[in-house]
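See below for the structure under consideration.
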2 protein chains.
Amino acid sequence: MGATKSDLFTKQQNDIANMAKALAHPARIAILQYLVKKNACVCGDLVEELGLAQATTSQHLKELKIAGLIQGTIEGASVCYCINPKVWNQYHKILGTFFTEVQDIKSCC
Amino acid sequence: MGATKSDLFTKQQNDIANMAKALAHPARIAILQYLVKKNACVCGDLVEELGLAQATTSQHLKELKIAGLIQGTIEGASVCYCINPKVWNQYHKILGTFFTEVQDIKSCC
DNA sequence: AAGACTAATCGTAATATTGCGATACGATAA
DNA sequence: TTATCGTATCGCAATATTACGATTAGTCTT
């Protein structure tokens with residue numbers, strides 16, 4: 001075992017979990033924050049920014065791309081990344097909804 | 001290797017990543033939604049609700065407890081769980097802030 | 001005390017993630 | 001063309017996560 005039994009859960013539950021998984025590494029948070037801070041296409045300087053090896057950085061970028069949170073465009077020799085605002089807002093909305101389900105929670109125990 | 005190099009990143013980045021990690025499994029999402037839906041102490045019936053083995057369910061509950069999102073009280077023979085509203089709202093706020101950092105994002109690529 | 005029930009923990013196996021060196025691949029520069 | 005630069009991918013090793021049977025520990029009932 002070790003594989004998540006995703007068939008036991010609803011699509012919505014799997015979706016939320018997968019979104020969380022995309023955010024579940026500080027390097028990916030750092031990448032996203034950096035792209036947000038720049039608020040523009042960022043070409044090339046992500047490896048130096050993170051302090052991880054080039055291969056590792058590339059892998060995190062790939063996961064963020066698969067999650068849809070970022071998009072990359074080939075710009076001559078290098079690649080430019082930026083936030084995908086549409087998916088970003090989707091994440092914001094879905095995770096926000098998940099949390100606002102409990103606005104008036106009772107602390108019972 | 002295989003261990004996250006958390007020393008490379010800020011406390012805030014590690015915190016967000018750890019929050020996301022707590023949510024990064026559909027079973028834990030299901031547990032939280034169930035507790036939210038009931039909006040009360042839930043004693044015992046979580047194992048049947050999930051469809052996972054008792055040991056597995058207990059492990060997910062433990063992780064949610066470590067993350068602070070839920071709290072359990074021993075109620076006679078069984079244990080009652082409910083949302084910890086304080087931590088829940090913290091999660092809501094911190095993740096919400098993370099996403100609102102990019103309200104007016106430019107889609108450049 | 002003995003049995004039944006609930007939940008936590010232990011031990012283990014399967015799978016996933018993280019990290020990086022090496023390599024490959026495409027674009028630009030010489 | 002050849003060299004160089006930037007990035008993606010491959011292959012591997014280390015660690016983490018997920019899942020569950022078995023056991024343990026506690027409470028309640030009889």
Side-chain angles (χ1 to χ4, degrees), chain A residues 1-9 13-14 16-31 34-35 41-67 70-82 109, chain B residues 1-9 13-14 16-31 34-35 41-67 70-82 109:
Chain A
M1 298 107 207
T4 295
K5 291 196 157 186
S6 41
D7 52 312
L8 284 178
F9 308 102
Q13 287 162 346
N14 282 301
I16 295 178
N18 283 328
M19 287 186 198
K21 209 177 268 184
L23 302 175
H25 195 288
R28 294 197 286 274
I29 299 295
I31 291 173
Y34 186 69
L35 292 180
C41 265
V42 171
C43 300
D45 50 349
L46 275 167
V47 174
E48 302 92 74
E49 192 65 19
L50 282 189
L52 289 172
Q54 184 267 324
T56 309
T57 306
S58 185
Q59 206 171 340
H60 284 302
L61 287 168
K62 186 183 175 184
E63 282 174 65
L64 288 173
K65 252 188 290 183
I66 290 172
I70 66 171
Q71 51 197 176
T73 321
I74 297 170
E75 193 75 35
S78 62
V79 179
C80 291
Y81 292 101
C82 67
C109 337
Chain B
M1 298 102 205
T4 294
K5 291 197 157 185
S6 40
D7 52 311
L8 283 178
F9 309 101
Q13 287 162 346
N14 282 300
I16 295 178
N18 282 327
M19 287 186 197
K21 211 176 267 184
L23 302 175
H25 195 287
R28 294 197 286 274
I29 299 294
I31 291 173
Y34 186 69
L35 292 180
C41 265
V42 171
C43 300
D45 50 347
L46 275 167
V47 174
E48 303 92 74
E49 192 65 19
L50 282 189
L52 289 171
Q54 184 267 323
T56 310
T57 306
S58 185
Q59 207 171 338
H60 284 301
L61 287 168
K62 186 183 174 185
E63 281 175 65
L64 288 173
K65 253 187 290 183
I66 290 172
I70 65 171
Q71 52 198 178
T73 321
I74 297 170
E75 193 74 36
S78 63
V79 178
C80 291
Y81 292 100
C82 68
C109 337

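Note: hydrogens, waters and symmetry copies are ignored here, and every other heavy atom, side chains too, is used. Remember, it's a predicted structure, so these values are computed and weren't measured experimentally. Proteins get letters first, then strands, A, B, ... in listed order; numbering begins at 1 in each.
Note on ring orientation: taking the six-membered ring where Trp is involved, the planes of H25(B) and H60(B) are tilted (angle from 30° to 60°).
Environment of CD1 in I74(B): sparse, with no more than 12 heavy atoms of neighbouring residues, nucleotides or ligands closer than 6.0 Å.
For the OP1/OP2 pair of dT17(C) and a distance below 4.0 Å, the side-chain nitrogens and oxygens of K21(B) include no atom meeting the criterion. For dG6(D), the OP1/OP2 oxygens have no side-chain nitrogen or oxygen of Y81(A) closer than 4.0 Å. At least one side-chain nitrogen or oxygen of K5(B) sits closer than 4.0 Å to the OP1 or OP2 atom of dC20(C). Between S58(A) and dA8(D) there is a side-chain N or O to OP1 or OP2 distance below 4.0 Å. Phosphate contact (OP1/OP2 of dT18(D), side-chain N/O of T56(B), threshold under 4.0 Å): absent. Between H60(A) and dT17(C) there is no side-chain N or O to OP1 or OP2 distance below 4.0 Å.
When the C1' atom of dA19(D) is taken as reference, atom CG of D7(A) falls 13 Å away, rounded to whole Å. D45(A) has its CG atom 9 Å from the P atom of dT7(D), to the nearest Å. Nucleotide dT7(D) holds its P atom 12 Å from the CD1 atom of I70(A), rounded to whole Å. In this structure, Q59(B) places its CD atom 11 Å from C1' of dC10(C), rounding to the nearest Å. Across the protein-nucleic acid pair, F9(A) atom CZ and dT18(D) atom P stand 11 Å apart, rounded to whole Å. I66(B) has its CD1 atom 12 Å from the P atom of dT18(D), to the nearest Å. K62(B) has its NZ atom 15 Å from the C1' atom of dC20(D), to the nearest Å. Per the geometry, CG belonging to L61(A) stands 10 Å off C1' belonging to dA8(D), to the nearest Å.
A53(B) comes within 4.0 angstrom of the backbone, heavy atoms only, and of no base. Using a 4.0 Å heavy-atom cutoff across all strands shown, L52(A) reaches sugar-phosphate atoms only and no base atom. The residue A55(B) sits close to a base: some heavy atom pair falls under 4.0 Å. Residue contacts for E63(A): at a heavy-atom cut-off of 4.0 Å it reaches the sugar-phosphate backbone alone, with no base atom in range.
Both A77(A) and R28(B) lie near DNA chain D, and the one whose nearest nucleotide falls closer to the 5' end is A77(A). Each of H25(B) and V79(A) lies near DNA chain D, and the nucleotide nearest V79(A) is the one positioned closer to the 5' end. Positionally, the nearest nucleotide of DNA chain C for A27(A) lies more toward the 5' end than for the other of G76(A) and A27(A).
The shortest heavy-atom contact between A30(B) and L50(B) is CB-CD2, 3.7 Å. Here the closest non-hydrogen pair linking A22(B) and A67(B) is CB-CB, 3.7 Å.
Side chain of S78(B), nearest nucleotide from dT6(C), dT18(C), dA8(C): dT6(C).
Judged by distance alone, with hydrogens and angles left aside, Q54(B) brings a side-chain donor or acceptor within reach of the base of dA8(C), the pair sitting under 3.5 Å.
For R28(B) (side chain) and L64(B) (main-chain N/O), no donor-acceptor pair under 3.5 Å exists by modelled atom type.
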Let me see the working for F9(A) and L52(B) under side chain to side chain contact (heavy atoms under 4.5 Å, CB included), right down to the final yes or no.
CA-CA 10 Å; F9(A) 308 102; L52(B) 289 171; 4.0 Å; yes

